[in-house]
Amino acid sequence: MQIKFAKKIPARAKGIVLFLYAGALKQQLASVAIPKNLKRQIAKCEKQMDMAPLSVFTLPIVDGGKEIVIVVHLGKKETCRQSLFERAIRAGVRLAAKHKQQHLALLLPDWADDELRAVYLAAFNAHIADFSYLPYKKTKSKPIISCDLVNVESKIPEKQFAHQIALASVVAEEVNRARTLSNAPGGDMTPRVLATHAKEAGRRTGFTVSAYGEKKMKDLGMGGILGVSRGSAEEAQFIICEYKPKSASNKKPIIFIGKGVTFDTGGLNIKPDMNMTDMHMDMSGASSVLHAIAAIARLQLPIYVVGLIPAVENMPSGSGYRPGDILRSYSGKTIEVKHTDAEGRIILADALGYAKQYNPELIIDLATLTGAALVALGQRTAAILSPDEELQSELVRLGQETGDRVWPLPLWEDYKPEVAGQFADVANLGKTKFGGTITGAVFLWEFAPTDKWAHIDIAPTMVAIDDDQLAPGSKGAGVHLLTMFARVYAEKKAHGK
Ligand code: BES
Ligand code: ZN
Ligand code: ZN
């Protein structure tokens, strides 16, 4: 989809999406840049409209060269927060697509003082709304070809809007690619296929990728990944992505780590059926890390970034790892397996250990780690846990700014006894059933080579819910956040901070 900024509705746009606040319709329409006859037709429908936030009204047009007007209501202006604005854009685009509109004009509401930011967000959200997962469908729906963001009153030069749209489009395209990758069925998206995909992404956007197989991992002593993978017929992979432009202003890399469990059955502690259905998306941390690095490479940010992805399939089998087994991780610390379904933290332990040799400036890991994070936070934000308050608050702030939200849970020394092992150094399960997300993070903390590290549990935001106004399936959570983090980091470095 091509997105452009325009100061009036271009002739090519056949479908018009209009955003209205609660209040007198006529007054609002007065300042909207659409032909008078359209205004009259819309005004006639006032009584039929439900003005509640996010309710929509569709008006087929018979004259004037336009086909349809879609009205999306925003509720009261004072209460129209960012999340509502974002979802309104998505709802409008999705409805237009449902009506088979291929050329849209979005008449942007007067929403924020910062017009550039509003256009950035509109472009980003229009892009992620224009997504459906189609590789396995015979009939493909027609894509939206163009989407013009119209703001008649703006005094800002169009070039500046174009720049925001270009930025937003790159990130959104990579979000959509991460979604496609996560949505792929477990049978077709094995660790090796994931590694091949990573290599393709590297070639496409400009970063290097290497992948270790099981033999190499054995030589290196990655007992965590090999342990979890033992029950699977698919070979585990350890994928390393390196983006190191000549212009890089940091010697020490920032490292992103992504959980890459291509299917999580739970292993011998097998999951009940209901809990297993979405587990082909248990590599969503990996997809997001991969495509955040792809976005960073496409934006040519002058920073050194490394991505580490342990990729395995967690299967029950006669050769599978057992509760009670003890695994030796890359760092040398031993892990007591108390539950084979707490596999994510075991493979991440090896990746965190491996990160040490880069002497990283900081580490952020993304993982669909615990169902407990959904219990704690619901499905509208991911969880963040970090011993570094500054890093954590920066990520919380950028989460709000991008709409890719994260919210803190505590990570304190007090919790450490929860993961003390009986016969090994650490146990992969807490002593009680409480605070499962914290226990998971505390376990990872034992392996983090630096406290400049943040763990983001994206289990809560792994899939879209109805209120998100997005296609069902993966959301690509974390791509926008990590990319924005890298942009801000690059800015800081450029100013010598
Ligand atoms: N992949 C799951 C967590 C998950 C649950 C992700 C729901 C997305 C949606 C993880 O490997 C897991 O099974 N965790 C267990 C941990 C427990 C055994 C300590 C869980 O959350 O139940
Ligand atoms: Zn699991
Ligand atoms: Zn898992």
Side-chain angles (χ1 to χ4, degrees), residues 182-183 186 189 191 194 224-225 227-232 236 257-288 309-316 320-325 335-351 365-383 385 409 415 418-419 421 426-444 455-465 472-478:
S182 290
N183 282 341
M189 182 49 64
L194 185 60
I225 301 174
V228 172
S229 180
R230 235 161 45 203
S232 170
I257 298 179
K259 171 177 171 182
V261 175
T262 58
F263 197 82
D264 183 10
T265 62
L268 289 174
N269 295 116
I270 197 161
K271 286 180 183 292
D273 52 0
M274 276 283 287
N275 294 5
M276 211 192 285
T277 36
D278 279 345
M279 284 303 127
H280 60 288
M281 285 182 266
D282 208 19
M283 32 60 85
S284 295
S287 336
S288 292
I309 295 170
V312 295
E313 187 181 54
N314 188 19
M315 286 293 196
Y321 76 142
R322 311 157 187 78
D325 278 357
I335 301 168
E336 198 165 320
V337 180
K338 286 191 166 172
H339 202 296
T340 61
D341 198 10
E343 83 297 339
R345 62 198 72 180
I346 300 178
I347 65 168
L348 291 172
D350 278 350
D365 79 74
L366 279 191
T368 47
L369 206 74
T370 63
L374 283 108
V375 176
L377 295 170
Q379 289 181 288
R380 284 160 175 86
T381 176
L385 302 96
L409 288 175
Y415 286 101
E418 281 284 316
V419 294
V426 229
N428 80 331
L429 193 69
K431 296 206 164 75
T432 66
K433 62 179 180 182
F434 305 118
T437 305
I438 301 172
T439 320
V442 160
F443 175 95
L444 295 178
H455 161 60
I456 300 179
D457 191 334
I458 54 168
T461 47
M462 180 176 81
V463 294
I465 54 172
S474 165
K475 283 216 300 189

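Keep in mind that what you see is a predicted model, and the values were worked out from it rather than measured. In listed order, ligands and their atoms are each counted from 1.
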Which heavy atom of E418 sits nearest a heavy atom of T432, and at what distance?
OE1-N, 3.5 Å
Taking all non-hydrogen atoms of both residues, which atom of A286 and which atom of I309 are closest, and how far apart?
CB-CG2, 3.5 Å
For T368, the atoms of ligand 1 under 4.0 Å from one of its heavy atoms are 1 (N), 2 (C), 3 (C), 6 (C)
Shortest non-hydrogen contact from F263 to G186?
CD1-CA, 4.3 Å
Counting only pairs under 3.5 Å, give me each side-chain donor-acceptor contact of residues 369-378, with atom names and distances, residues two or more places apart or in other chains.
residue	atom	partner	partner atom	Å
T370	OG1	A373	N	3.3
T370	OG1	T437	OG1	2.9
T370	OG1	D457	OD2	2.6

Between L268 and G320, which heavy-atom pair has the shortest distance, and what is it?
CD1-O, 4.5 Å
Protein heavy-atom contact under 4.0 Å for atom 1 (N) of ligand 1?
yes
Go through ligand 1 atom by atom and flag the ones less than 4.0 Å from a non-hydrogen atom of K259.
1 (N), 10 (C), 11 (O)
Any donor-acceptor pair under 3.5 Å linking the side chain of D365 with the backbone of K259?
no
Taking 2.8 Å as the strict upper bound, the Zn ion (ligand 3) has protein N, O or S neighbours numbering 4
So which of T461, D282, D264 actually passes side-chain hydrogen bond (donor to acceptor under 3.5 Å, both in side chains) with T368?
D282
Which protein heavy atom lies closest to atom 21 (O) of ligand 1, and at what distance to 0.1 Å?
G371 N, 2.6 Å
Got the closest protein heavy atom to atom 16 (C) of ligand 1, with its distance?
R345 NH2, 4.0 Å
For atom 14 (N) of ligand 1, what's the nearest protein heavy-atom neighbour? Residue, atom name and distance, please.
L369 O, 3.4 Å
Suppose I only count heavy atoms of M462 and a 4.0 Å limit; which atoms of ligand 1 are within that range?
8 (C)
Just distances here: any N/O of T370 and N/O of ligand 1 closer than 3.5 Å?
no
So, for P191 and A236, which heavy atoms are closest and what is the spacing to 0.1 Å?
CB-CA, 4.2 Å
Show me the donor-acceptor pairs, under 3.5 Å and distance only, between side chains in residues 270-281 and residues at least two apart or in other chains.
residue	atom	partner	partner atom	Å
K271	NZ	D341	OD1	3.2
K271	NZ	D341	OD2	2.9
T277	OG1	M274	O	3.0

List ligand 1 atoms under 4.0 Å from E343, heavy atoms only on the residue side.
11 (O)
Taking non-hydrogen atoms only, is M279 closer than 4.0 angstrom to ligand 1 via side chain, backbone, both or neither?
side chain
Pick one: which of V442, L429, I335 meets side-chain contact (heavy atoms from CB on, under 4.5 Å) with V419?
V442
Y321: ring-ring contact (aromatic ring centres under 6.0 Å, His included) partners, not counting sequence neighbours:
none
Heavy-atom contacts with K271 under 4.0 Å: which atoms of ligand 1 show up? List them by number with element.
2 (C), 12 (C), 13 (O)
Would T340 and N269 count as having a side-chain donor-acceptor pair, cut-off 3.5 Å?
yes
Select the closest option to atom 19 (C) of ligand 1 among D278, D264, L429, D341, judged by heavy-atom distance.
L429
Which of the atoms in ligand 1, numbered in the order shown and given with their element, are less than 4.0 Å from a heavy-atom of A459?
6 (C), 8 (C)
